[in-house]
A.B. asks: 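Take this structure first; my questions come after.
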Amino acid sequence: MVHHKVALMSMVIMTYGKSFGLLSYLFNDIPNRWNPPNGLLGTVYYLSFIFSTFFEHKSLFKLQMTLCICSNLLSIYLAYLLYYVIRNFCVICVSIYVINFLCLYEMFKVYKKVWLVQQNKKIK
């Protein structure tokens with residue numbers, strides 16, 4: 001059990017724990033207020049995603065789909081960092097990657113159900 005806590009903390013403490021390590025890589029001296037922790041970014045992402053599911057608007061759907069694709073790409077990046085760079089395994093991190101994939105899967109189901117049906121109605 002302690003091993004999983006160490007894996008999670010190693011990911012959070014390292015430079016990859018803030019803004020996915022990307023801003024630290026691009027800019028050397030970035031202030032902390034412009035370099036938010038991944039947990040904060042994830043919380044804002046999931047809350048906005050959950051809130052936006054109550055509305056059906058085409059531009060909002062496109063934003064949701066784009067965010068889902070980006071979150072899955074970031075999950076692949078973070079999984080690579082976790083396994084190959086940090087050389088560790090974190091159950092919490094992997095479960096978040098699975099949740100991101102399931103969100104994308106659900107978005108594709110909604111796309112096929114709602115938006116493609118509407119397109120077929122417009123064509124007829």
Side-chain angles (χ1 to χ4, degrees):
M1 187 66 157
V2 174
H3 174 66
H4 299 298
K5 290 180 182 177
V6 171
L8 180 62
M9 289 309 295
S10 65
M11 188 72 161
V12 170
I13 292 172
M14 294 184 78
T15 58
Y16 306 113
K18 289 188 173 191
S19 66
F20 307 104
L22 298 174
L23 291 180
S24 299
Y25 178 75
L26 296 173
F27 307 105
N28 291 333
D29 298 326
I30 187 162
N32 277 338
R33 66 178 178 268
W34 298 111
N35 199 9
N38 294 349
L40 178 64
L41 294 173
T43 303
V44 170
Y45 165 73
Y46 287 116
L47 287 176
S48 62
F49 189 79
I50 289 169
F51 180 71
S52 65
T53 57
F54 295 113
F55 306 101
E56 286 188 15
H57 194 271
K58 193 168 186 168
S59 61
L60 185 61
F61 174 77
K62 288 179 183 179
L63 177 66
Q64 289 172 326
M65 187 63 102
T66 303
L67 289 175
C68 276
I69 291 169
C70 290
S71 72
N72 277 274
L73 291 174
L74 284 171
S75 292
I76 293 168
Y77 167 71
L78 289 174
Y80 165 78
L81 289 176
L82 184 64
Y83 189 74
Y84 290 107
V85 176
I86 300 173
R87 297 193 181 276
N88 216 327
F89 181 80
C90 172
V91 175
I92 297 169
C93 300
V94 173
S95 62
I96 291 171
Y97 307 153
V98 171
I99 289 170
N100 285 338
F101 174 75
L102 292 174
C103 286
L104 183 63
Y105 176 73
E106 287 297 318
M107 288 303 298
F108 276 120
K109 282 177 37 179
V110 169
Y111 175 72
K112 285 174 25 180
K113 182 179 178 180
V114 175
W115 300 109
L116 288 181
V117 171
Q118 286 183 359
Q119 290 297 329
N120 288 337
K121 287 181 182 178
K122 288 180 183 178
I123 293 173
K124 292 179 182 180

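Remember, it's a predicted structure, so these values are computed and weren't measured experimentally.
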A.B. asks: Measure the shortest side-chain to side-chain distance between Cys93 and Leu78 over non-hydrogen atoms and say whether it is less than 4.5 angstrom.
C.D. replies: no
A.B. asks: Is a donor on one side and an acceptor on the other found under 3.5 Å between the side chain of Gln64 and the backbone of Ser52?
C.D. replies: yes
A.B. asks: Same cluster for Phe51 and Leu40 if Ile/Leu/Val/Met/Phe/Trp/Tyr side chains link at under 4.5 Å?
C.D. replies: no
A.B. asks: Rounded to the nearest 0.5 Å, how far does CG of Leu74 lie from CG of Leu81?
C.D. replies: 10.0 Å
A.B. asks: Show the numbers, then the answer: is there a side-chain hydrogen bond (donor to acceptor under 3.5 Å, both in side chains) between Tyr46 and Asn100?
C.D. replies: CA-CA 10 Å; Tyr46 287 116; Asn100 285 338; 2.5 Å; yes
A.B. asks: Please determine whether residues Phe55 and Leu47 belong to a single hydrophobic cluster, defined as Ile, Leu, Val, Met, Phe, Trp and Tyr linked transitively by side-chain heavy-atom distances below 4.5 Å.
C.D. replies: no
A.B. asks: With rounding to the nearest 0.5 Å, note down the distance linking NZ in Lys112 to CE in Met107.
C.D. replies: 13.5 Å
A.B. asks: Under a single-linkage definition using a 4.5 Å side-chain heavy-atom cutoff for Ile, Leu, Val, Met, Phe, Trp and Tyr, are Ile96 and Val44 assigned to the same hydrophobic cluster?
C.D. replies: no
A.B. asks: Report yes or no: do Ile50 and Val98 belong to one cluster of Ile/Leu/Val/Met/Phe/Trp/Tyr joined by side chain heavy-atom distances under 4.5 Å?
C.D. replies: no
A.B. asks: Counting only heavy atoms not in Phe101, do more than 12 sit closer than 6.0 Å to its CZ atom?
C.D. replies: no
A.B. asks: Knowing that exactly one of Phe49, Phe108, Tyr105 qualifies, which makes a side chain to side chain contact (heavy atoms under 4.5 Å, CB included) with Cys68?
C.D. replies: Phe49
A.B. asks: Are the side chains of Phe89 and Tyr83 in contact, using a 4.5 Å heavy-atom criterion?
C.D. replies: no
A.B. asks: Atom OH of Tyr97 and atom CD1 of Ile76: how far apart are they, to the nearest 0.5 Å?
C.D. replies: 11.0 Å
A.B. asks: How far does OG of Ser59 sit from NZ of Lys62, to the nearest 0.5 angstrom?
C.D. replies: 8.0 Å
A.B. asks: Could you tell me whether the side chain of Met65 reaches within less than 4.5 Å of the side chain of Leu104, counting heavy atoms only?
C.D. replies: yes
A.B. asks: Do Tyr45 and Ile92 land in one hydrophobic cluster if side-chain heavy atoms of ILVMFWY residues count as linked below 4.5 Å?
C.D. replies: yes
